[in-house]
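I have placed the structure first, in the form of structure tokens, so that the comments after it can refer back to it.
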Amino acid sequence: MFAMFIILTGLFAVGLSLVSDKDPNDALKTLYEGNVRFVKGQNIQINLDSKRRKDTTVGGQQPFATVLSCSDSRVPVEHIFNVGIGDIFNIKVAGNILGMDQQASIEYSVDHLGTPILVILGHTNCGAVMAAVTEADVEGALPYLLDKIKPAFCRVKERNPGYSPEEIIPTVIEENIWYTIEDLFRKSDIVKNRVKQGILGVVGGLYNIETGAVAWLGAHPKQEELIK
Ligand SMILES: [Zn+2]
């Protein structure tokens, strides 16, 4: 048990020191390692004490990652990456779509706070994607939100004629992650320029709400083309 504690503390120490270098790969490694601890039930208490609150009040925030994820209550971002206060600039919206507000929040985080990694995090059993795929009858502002998921749905539909909604939902969830990344590169010169300079990494992740594991999808397969 003690040995395990040393190993985990060591990992975290490496994570912290590397993260301060603002390297996209090191930031990703810290998220990866935190998720491994979460899945194994080996979470460690990180940055959740009064000292951390005081330090981040006095010194301001210096998060090492930006995460755009779904608002779903089963996707508690700091928990699934086993991090604490001031670690993640967290943007949540149903269906992890990109509207103007999400774009602005991402731009603030990567440009003003200098976070080196941006994760677009979708998840299994996403109700927003399910509603878009089943073309649910929705009211209020919900049609606007579901419209943002439709491009991903249409792409998957085209590739799967004669589909049944249940069959294609997992594929649409993944396509929706890629579409959000594409949409961001199309709209945000700030993000594009930082990726070109190698000071920001943008990756997709798919969180499994049952196992707790994040499947890392990596950079968009057409990133080079998209950031031109
Ligand atoms: Zn969702």
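Every number for a ligand or one of its atoms is a count from 1 in the order of the listing. The shown structure was predicted, so the numbers you read here are calculated from the model rather than taken from an experiment.
Tyr207 is connected to Val77 through a chain of hydrophobic side-chain contacts under 4.5 Å among Ile, Leu, Val, Met, Phe, Trp and Tyr, so both are in one cluster.
Between Lys29 and Glu33, at least one side-chain nitrogen of the basic residue sits less than 4.0 Å from a carboxylate oxygen of the acidic one, meeting the salt-bridge criterion. Ion pairing between a basic and an acidic side chain is recognised when a charged N comes within 4.0 Å of a carboxylate O; Arg52 and Asp55 show no such pairing.
Screening Lys192, Lys222, Arg155 for a salt bridge (Lys or Arg N to Asp or Glu O under 4.0 Å) with Glu182, the sole residue that qualifies is Arg155.
Only protein N, O or S atoms were considered, and those under 2.8 Å from the Zn ion (ligand 1) are Cys70 SG, His123 NE2, Cys126 SG.
In the model, Glu167 has no side-chain atom that pairs as donor or acceptor with a side-chain atom of Asn160 under 3.5 Å.
More than 12 non-hydrogen atoms from other residues, nucleotides or ligands lie less than 6.0 angstrom from CD of Gln197.
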